[in-house]
Every structure is written in C-alpha cells, then in structure tokens.
Protein chains: 2
Amino acid sequence: MAAKGDGGGDPGRGMDLLWGAADRPSRGPKPRLSIDQITRTAVEIADAEGLGAVSMQRIAATFGFTTMSLYRYVPGKAELVALMVDTAIGERPDLDAVPGGWRDRLAQWARQCLRVFTRRPWLLEATSGHRVMGPNELGWMDAALAVLAEAGFTPVEQHDAFLLVAGHVRSVAQYTAGADTLRVDEWSAAVGERLSRHPDRFPAVVAAIQGGGYAKAADEPLEFGLRCLLAGLDELLA
Amino acid sequence: MAAKGDGGGDPGRGMDLLWGAADRPSRGPKPRLSIDQITRTAVEIADAEGLGAVSMQRIAATFGFTTMSLYRYVPGKAELVALMVDTAIGERPDLDAVPGGWRDRLAQWARQCLRVFTRRPWLLEATSGHRVMGPNELGWMDAALAVLAEAGFTPVEQHDAFLLVAGHVRSVAQYTAGADTLRVDEWSAAVGERLSRHPDRFPAVVAAIQGGGYAKAADEPLEFGLRCLLAGLDELLA
DNA sequence: CAAGAACTGTATATAACATAAACAAAACTG
DNA sequence: CAGTTTTGTTTATGTTATATACAGTTCTTG
C-alpha cells in the first residue's frame with residue numbers, strides 16, 4: 001500500500017483532525033510545527049501552483065523539516081487535503097443581511113460559493129469524490145439549508161435543492177476554471193478544425209458555435225442557471 | 001517531468017488519437033497490440049477496480065507485455081485516460097423516438113447520462129478538470145444542444161442550459177456514487193455524533209436530518225432537479 | 001531527584017508510479 | 001539483398017507516499 005488514492009481506511013482519524021478533537025499530550029518535546037501551520041502552507045502552495053504541486057516533501061521543505069516529520073501531525077495526505085479543503089472554503093457566509101426574499105439569499109450563497117471556487121480552482125480537484133465534510137463545509141451547507149427551510153421546503157426538498165444549487169456552482173466553477181487555462185478560442189479552434197471534417201455529425205454544436213454560443217462573460221452561466229433553478233423551486237413551492 | 005499531472009503539453013497529440021487520425025505505417029513489424037485493445041482493457045480494469053487500479057504496468061501485464069510497449073501506441077497516460085473516457089461514455093443517445101416535447105427529451109438525455117456515470121463511477125474522476133472532448137462526448141453534447149435548439153433557445157442559452165443540465169447529472173452521480181461506498185446511514189451517524197457536540201452551530205442541518213432529509217431513493221434527486229430545471233427553462237422560453 | 005515513559009524529528013528503506021533512452025529483432029522498400 | 005523504419009524490451013531515472021527504527025527531548029512518577 002503506497003502511492004496514491006487507496007480509499008480504504010478508518011474515516012474516524014481524519015474526522016478527529018477536521019473537527020479538532022485533538023488533546024495536546026504533555027509528555028515529549030514541544031512540537032515545533034502545528035496542524036494549522038502545515039495546512040496553511042499546503043494551501044499556499046496549492047494557491048500558487050495548484051494541487052499537483054502539493055507534496056509532503058514540498059511542504060516539509062518549506063519548513064526546513066524532513067518529509068516524515070509531517071506524519072507526526074497528520075495521519076496521511078488524504079487527511080491533509082481534507083484539512084486544506086475545510087480551511088480554504090472558509091467561514092460560512094452570513095446571509096441574514098441580504099435584502100430580499102429567500103431567492104436572493106440563495107443566489108447570494110451561490111455567488112459567494114462560486115467566488116471561493118474561482119479563487120482556488122484546486123478546490124474542485126480536491127473536493128471531487130466522497131469526503132468527510134469539515135465544519136466549515138458543513139457550515140456552508142447549513143447556511144443554504146437554513147434559507148431553504150425558512151422558505152418552506154420540506155427536509156427532503158431542502159436537501160435536493162441544496163444538491164441542485166451546489167452542483168450548479170461546481171459546474172460553473174469547473175467551466176470557468178478551464179476557460180482560464182485553455183482559452184475558449186483555442187478550444188473552439190481546435191474542435192472546430194475536427195468539426196469541419198465531420199460536418200454532419202455534430203450539427204447542433206456547429207450551429208451553436210456559429211451562432212456565438214461560446215462567447216460570454218464569466219459569471220453569465222451562473223446567473224442563467226440561478227434564474228432557472230430559482231424559478232423552478234419557486235414554482236414547486238406553490 | 002515525471003509522475004502525474006503536469007498539465008502542460010501539446011493538446012494536438014491526444015486529439016489525433018481521440019479523433020482517429022492515425023494512418024498505419026507499413027514499415028516495421030506488425031503491431032501486436034492496438035489502441036482499441038489497450039483502451040478497452042484499461043476500461044475493464046477501471047470498471048472492476050476503479051481508476052486508481054489503472055496503471056501502465058497493470059495494463060501491459062494483462063497482455064503479458066512490458067510497460068513500455070504501451071508507449072508505442074499512446075503518448076502518455078493522460079491521453080489514454082481521455083480515450084478511456086470517450087470509449088466509456090459510449091454512443092450518443094437517440095432522443096428522436098422519445099415521446100413528448102423537448103422537456104421529455106432533455107429529461108431522457110439526463111437519465112441516460114446519469115446511467116452512464118452510475119455504471120462507471122470512475123468517469124467522474126476521469127472527467128474532472130478541463131479536457132479535450134472526444135467524438136462520443138461531443139456527440140452527447142450535440143444531442144442535448146439539438147433538443148434545446150429545436151425548443152427555440154438561442155445559442156448562448158443552449159450552451160448555458162446544457163451546462164446546467166449536465167452539471168446536475170454530474171452532481172447527482174457524484175452524490176449517489178459516494179452513497180454506494182459510504183452508506184448514508186454511516187455518514188449521518190458519524191456526522192451526527194460530531195453534530196450533537198455542536199448542537200447550535202448547524203441547526204438547519206440537524207433539523208433536516210431529524211426531518212428525514214437524508215433517506216431517499218436513488219434517482220429521486222435527479223428527478224427533483226429536472227423538475228426545477230425544466231420548469232425554469234420553460235418559463236424563460238415564454 | 002532519578003528512572004522511565006512518551007513524544008518529536010530524523011534517517012533509512014520500500015514499493016508503486018510515469019516515462020526517458022538505448023537497443024535488438026522484425027518487416028517492408030528500394 | 002541492403003537499408004530503413006517500427007516494435008517491443010531492457011535499463012534507468014525521478015517522484016510519489018509512507019513504513020520502520022532510532023536518537024534526542026521533556027514530562028511524570030517512584
């Protein structure tokens with residue numbers, strides 16, 4: 001068992017860290033590092049160079065420590081990434097001050113959530129797959145569920161609606177994150193070349209591209225989706 | 001430049017493979033393998049044991065070949081994964097026979113797409129991040145865009161709506177895929193334990209759980225989202 | 001206050017990974 | 001038939017995560 005992503009393992013360990021149930025032992029030498037420090041450094045590396053640049057060696061080297069020293073603070077890399085995620089997501093948003101009804105509050109939630117993902121594109125990679133939710137992430141969820149509950153949705157509906165909105169935000173974030181790396185123009189050109197060789201195989205795509213369906217402002221897709229979602233949710237409420 | 005995920009590189013190489021522009025040379029010995037064979041085997045491994053089990057060594061060993069032999073057929077692992085994705089996604093769905101209007105056709109698209117992701121959860125991992133779309137994937141997109149175009153949406157709206165629906169499918173797939181691995185009950189229990197220690201910090205989550213917001217059938221979230229989305233889109237059309 | 005237990009950080013080692021480079025055999029082409 | 005091209009192998013490199021054993025440090029306990 002080495003290298004990456006095995007998946008099997010005690011989920012409790014990571015959660016203890018995430019939820020801060022660590023009681024400092026009083027025997028040995030004073031630790032010269034801390035989970036917080038390590039996590040913050042890892043986040044900085046990810047911010048600057050992406051999640052791929054985050055390795056145990058790299059983090060340790062930043063402190064001038066050996067790689068293995070980190071394992072005194074973190075059971076493994078998966079747990080560290082979980083910590084990074086919860087740290088990077090940050091405090092839950094405060095939606096109480098948002099003027100308007102529940103629709104405006106939920107839209108605001110989505111916008112702020114998108115901003116988090118946009119600022120740190122590596123969060124998309126880091127949060128794909130099933131994970132243990134940290135307190136911050138659960139806080140974000142709580143904020144959204146509170147809005148939905150107040151609006152009058154049933155618990156099941158609250159959950160479904162949350163999944164819907166959060167999924168949309170992720171989706172937009174993924175779309176726009178890629179648009180930074182690979183210009184949409186390049187993509188259109190590259191695909192367009194192949195497309196022109198198979199003219200009748202993807203007629204709708206060709207038509208949409210020629211109709212200008214791929215040039216738009218950054219947060220246009222987010223707002224479009226929100227309009228649809230909120231309208232649909234509203235209708236369901238009545 | 002070694003190990004995983006560097007990201008930089010000529011996107012053209014992979015696309016040549018994806019879009020099947022390979023002309024067989026007639027000089028050397030007959031190749032005893034083929035891209036198709038390699039891709040299919042890789043998909044089988046991923047189907048059986050997940051994407052993490054797919055390594056060049058593993059694939060080569062299946063044929064009784066050396067690891068490096070694969071590099072005569074594929075420029076690198078990233079390109080192979082791209083091939084796997086397009087193979088695994090499969091042929092575009094035929095929506096012409098779907099009775100009803102554009103809403104029913106789009107819903108059918110979403111259901112079939114979800115089935116693909118459900119059957120092969122590793123597709124979620126493999127398709128996160130920005131990629132070059134293969135012909136099959138573009139076919140799926142074309143199918144959806146065609147429905148939206150026929151319904152009367154503008155090219156920009158077509159694209160936004162596609163992103164919205166596809167994102168929802170992904171979101172649901174991710175949710176249910178995790179539910180297989182980690183039972184929802186376990187999750188509720190694990191989180192619930194922590195939750196009970198912070199009773200007033202996540203009131204909405206607690207209320208939703210106690211209201212039964214987390215016990216539901218597998219494709220319930222998909223249908224819920226579709227109802228909202230389609231209603232919203234319909235409203236926008238008018 | 002001394003002995004020992006517990007903890008920290010290190011050194012060393014392992015296994016898995018992707019992939020580069022050089023080479024031998026094979027097959028077609030002139 | 002000689003030469004060129006291509007295949008598959010061999011060998012080697014660099015990067016991962018992480019297990020294990022150890023040396024030094026600090027508190028607790030007799």
Rounding to a whole Å, what distance do you find between [X]:[atom1] and [N]:[atom2]?
X	N	atom1	atom2	value
A:L33	C:dC7	CG	P	17 Å
A:R32	D:dT26	CZ	C1'	14 Å
A:F63	C:dT10	CZ	C1'	17 Å
A:Y71	D:dA19	OH	C1'	10 Å
B:L70	D:dG8	CG	P	10 Å

Nucleotide nearest [X] (side chain, heavy atoms from C-beta), chosen from [options]:
X	options	result
B:K77	C:dA18, D:dT6, D:dA19	C:dA18
A:R72	C:dT8, D:dT7, D:dT11	C:dT8
B:M68	D:dT16, D:dG8, D:dT10	D:dT10
B:T67	D:dT9, D:dG24, C:dT19	C:dT19
A:S26	C:dT19, D:dT28, D:dT25	D:dT28

For the residue pair B:H198 and A:W19, does the interplanar ring angle fall in the parallel (under 30°), tilted (30 to 60°) or perpendicular (over 60°) class?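 Correct class here is tilted.
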Without swapping roles, check the side chain of B:T118 against the backbone of B:L114 for a donor-acceptor pair under 3.5 Å.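 Judged by distance alone, yes, a pair lies under 3.5 Å.
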Taking A:D86 for the side chain and A:N136 for the main chain, is one N or O donor matched with an acceptor at less than 3.5 Å?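 Flag set: sc A:D86 to bb A:N136 pair under 3.5 Å.
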N/O donor-acceptor pair, side chain B:R27 with base C:dA27, under 3.5 angstrom: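 A donor-acceptor contact between them is absent.
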Looking at every strand, decide which applies to A:M56 at a 4.0 Å heavy-atom threshold: base, sugar-phosphate, or nothing.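 Here A:M56 touches the backbone only, sparing every base.
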Select base, sugar-phosphate, or nothing to describe what A:F65 touches, counting heavy atoms under 4.0 Å on all strands.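 Sugar-phosphate contact only.
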Please determine whether a side-chain nitrogen or oxygen atom of [X] lies at a distance below 4.0 Å from atom OP1 or OP2 of [N].
X	N	answer
A:Q57	D:dT15	no
A:S69	C:dG9	no
A:Y73	C:dG9	yes

B:F117 side chain reached by B:T127 side chain, heavy atoms, under 4.5 Å: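 They are in contact (side-chain heavy atoms under 4.5 Å apart), so the answer is yes.
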I'd like to know if B:E49 pairs up with B:R58 as an ion pair, taking the criterion as any Lys NZ or Arg NE/NH1/NH2 lying under 4.0 Å from an Asp or Glu carboxylate oxygen.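 B:R58 and B:E49: salt-bridged.
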Starting from the 5' end of DNA chain C, give me the residue, B:K30 or B:A53, whose nearest nucleotide shows up first.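 Taking each residue's closest nucleotide, the earlier one in sequence belongs to B:A53.
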